[in-house]
Amino acid sequence: MNQPRRVFVTGATGTIGRATVRALVQRGHAVTCFVRPQAGVRGTLGREASTQLLAGAQVRFGDVRDAGSLARDGIRGERFDALVSCLASRTGAPRDAWAIEHRAQLNAIEAARAAGATQAVLLSAICVQKPLLAFQHAKLAAERALVESGLAWSIVRPTAFFKSLSGQVERVRRGKPFLVFGDGRLTACKPISDRDLADYLADCLDNDERRNRILPIGGPGEAITPRQQGERLFELLGRAPRFREVSPRLLDGIISVLSALGRVVPTLADKAELARIGRYYATESMLVLDPHTGRYDAAGTPSTGSDTLFDYYARLVSGEESAERGDHAVF
Ligand SMILES: NC(=O)c1ccc[n+]([C@@H]2O[C@H](COP(=O)([O-])OP(=O)(O)OC[C@H]3O[C@@H](n4cnc5c(N)ncnc54)[C@H](OP(=O)(O)O)[C@@H]3O)[C@@H](O)[C@H]2O)c1
């Protein structure tokens, strides 16, 4: 049994945050979550719903963007041993990304440090190794701030989540083709389940080998391309595979138009960034990038856990489970 700690959690109502709170509670830690009063996708979780969702943890409400609220409503003058942050911008729009992925992360790190914490676990993303998007630069700035904070740190950079690879299950079930960029083999990833990632994050608190390290991490098994995802989906549905191939250049056109219009209409600038995010994932693999060759390296991408994307697809197809979608979905 690992040593129980007092753990302060931010981003607890997100996909990985919820699973991580469960993993921390299971390990016997005393968990305090700091969440906003209207949380969840499109703010659908009120205080009571968040408290139920995060059963076993103490739930406190306030504004993580405000250092005063963090101290007053979150920390409340108590001592904590560690911070676990699963905070992330829900929109990916540049202003929100910098406000949450950077500024709010820094607030949380500082509040935890002032409360006596000696350790922090930060959920980041593998894509920051090739930063082209606003949210990736914001994440990297937060990573740097944590490294310089004086706390012992673990920066976890996972590959793709199941929810991000399940957006087409419904449309394919309804008889539509599976959309792929190029021939569907431009990219690959090693999908990781919420539970496996949560276990990995929670175990960072007690695993010395994960201390003061940047930790890229994927799920079990071989890397999978979008084409393989589609093929398995059709197999599970007992249908012949049907793909629609889309050129990533289509997104270039959309990005140019939205960027130009975005100079006049700010909401369209945010949509342009969303299209840039879509283009990034259409063309970049979620695997470790070899700095010497500039190529993605499936074998060099560490694995953890036992849940597979294809078992998850089987549960979605049988109706045993339903997919959680984010505020924005590419398909
Ligand atoms: N999707 C993927 O495949 C993938 C792959 C690798 C890494 N990642 C990274 O993993 C991280 C977590 O992903 P996720 O899917 O768990 O994220 P998520 O479900 O969108 O959760 C985001 C969390 O941050 C909180 N948050 C956002 N804006 C906030 C605000 N203004 N004030 C207070 N809290 C705020 C949310 O709270 P509310 O509930 O109140 O909104 C929620 O708890 C992200 O950094 C993402 O980049 C994702």
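Quick caveat, the model's predicted, so the values are computed rather than measured. Whatever order the structure lists them in is the order used to number ligands and atoms, beginning at 1.
Shown are Cys204, Pro216, Ser124; of these, the side-chain contact (heavy atoms from CB on, under 4.5 Å) with Val156 is made only by Cys204.
Residue-level proximity to ligand 1 for Ser164 is carried by the side chain, the only part with a heavy atom below 4.0 angstrom. No part of Met286 comes within 4.0 Å of ligand 1, judged by heavy-atom distances. With a 4.0 Å heavy-atom cut-off, ligand 1 is reached by the side chain of Val64 but not by its N, CA, C or O.
Looking at Asp63 and Ser69, their side chains never bring a donor and an acceptor atom within 3.5 Å of each other. Between the side chains of Thr51 and Glu48, no donor N or O sits under 3.5 Å from an acceptor N or O. Checking Lys190 against Thr301 by side-chain atom types alone, no donor-acceptor pair falls below 3.5 Å. With hydrogens and angles left out, the side-chain atoms of Ser259 and Arg276 include a donor and acceptor closer than 3.5 Å.
Counting non-hydrogen atoms of neighbouring residues, nucleotides and ligands closer than 6.0 angstrom, the CZ atom of Arg173 exceeds 12 such neighbours.
For ligand 1, the atoms sitting less than 4.0 Å from at least one non-hydrogen atom of Ile16 are 16 (O), numbered in the order shown with element in parentheses. Under a 4.0 Å criterion applied to the non-hydrogen atoms of Leu123, ligand 1 contributes the atoms 10 (O), 11 (C), 12 (C). Of all atoms in ligand 1, listed by their number and element, those nearer than 4.0 Å to a heavy atom of Lys139 are 44 (C), 45 (O), 46 (C), 47 (O). Numbered from 1 in the order shown, with element, the atoms of ligand 1 that lie under 4.0 Å from a heavy atom of Thr13 read 37 (O), 38 (P), 39 (O), 40 (O), 42 (C), 43 (O). Taking a cut-off of under 4.0 Å to the non-hydrogen atoms of Leu87, the atoms of ligand 1 that pass are 24 (O), 25 (C), 26 (N), 34 (N), 35 (C). The contact set between ligand 1 and Lys163, taken as ligand atoms under 4.0 Å from a residue heavy atom, comprises 14 (P), 15 (O), 19 (O).
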For this session: Go through the steps to decide whether Glu170 and Lys176 satisfy the test salt bridge (Lys or Arg N to Asp or Glu O under 4.0 Å), and finish with yes or no.
Result: CA-CA 9 Å; Glu170 232 356 88; Lys176 295 193 170 165; over 6 Å; no
For this session: Before giving the answer on salt bridge (Lys or Arg N to Asp or Glu O under 4.0 Å), spell out for Asp206 and Arg5 the whole-Å C-alpha distance, their side-chain angles and the decisive distance to 0.1 Å.
Result: CA-CA 10 Å; Asp206 288 295; Arg5 316 273 172 79; 2.7 Å; yes
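Taking the six-membered ring where tryptophan is involved, the planes of Trp98 and His102 are perpendicular, since the angle between them exceeds 60° and thus also 30°. Ring-plane geometry between Phe135 and Tyr281 is classed as tilted, the angle between the planes lying from 30 to 60 degrees on a 0 to 90 degree scale.
Of the polar atoms of Ile126, none of the N or O atoms is found under 3.5 Å from an N or O of ligand 1, judged by distance alone. Every N/O-N/O distance between Ala160 and ligand 1 stays at or above 3.5 Å. Considering both main-chain and side-chain atoms, Thr15 comes within under 3.5 Å of ligand 1 through a nitrogen or oxygen pair. Polar contact check, Ser89 against ligand 1: no nitrogen or oxygen pair lies under 3.5 Å apart. Considering backbone and side-chain N/O of Phe161, one or more are found under 3.5 Å from N/O of ligand 1. Every N/O-N/O distance between Ile100 and ligand 1 stays at or above 3.5 Å.
By the 4.0 Å heavy-atom criterion, Ser124 is counted among the residues contacting ligand 1. Within the structure, ligand 1 lacks Arg157 among the residues with a heavy atom less than 4.0 angstrom away. In this structure, Thr159 has a heavy atom closer than 4.0 Å to ligand 1. Not a single heavy atom of Val35 sits less than 4.0 Å from an atom of ligand 1.
Looking at Gly17, Cys86, Cys33, Gly92, it is Cys86 that brings a heavy atom closest to atom 23 (C) of ligand 1. Residue Gly14 holds the heavy atom nearest to atom 42 (C) of ligand 1 of all those in Gly14, Ala97, Gly40.
Remark: Asp252 engages Arg279 in a salt bridge, criterion side-chain N to carboxylate O under 4.0 Å.
With a 6.0 Å cutoff to the six-membered ring centre and a 45° limit on the axis angle, Arg210 counts as a cation-pi contact of Tyr200.
Of the possible polar contacts, one joining the Asn107 side chain to the Arg65 backbone as a donor-acceptor pair under 3.5 Å is found.
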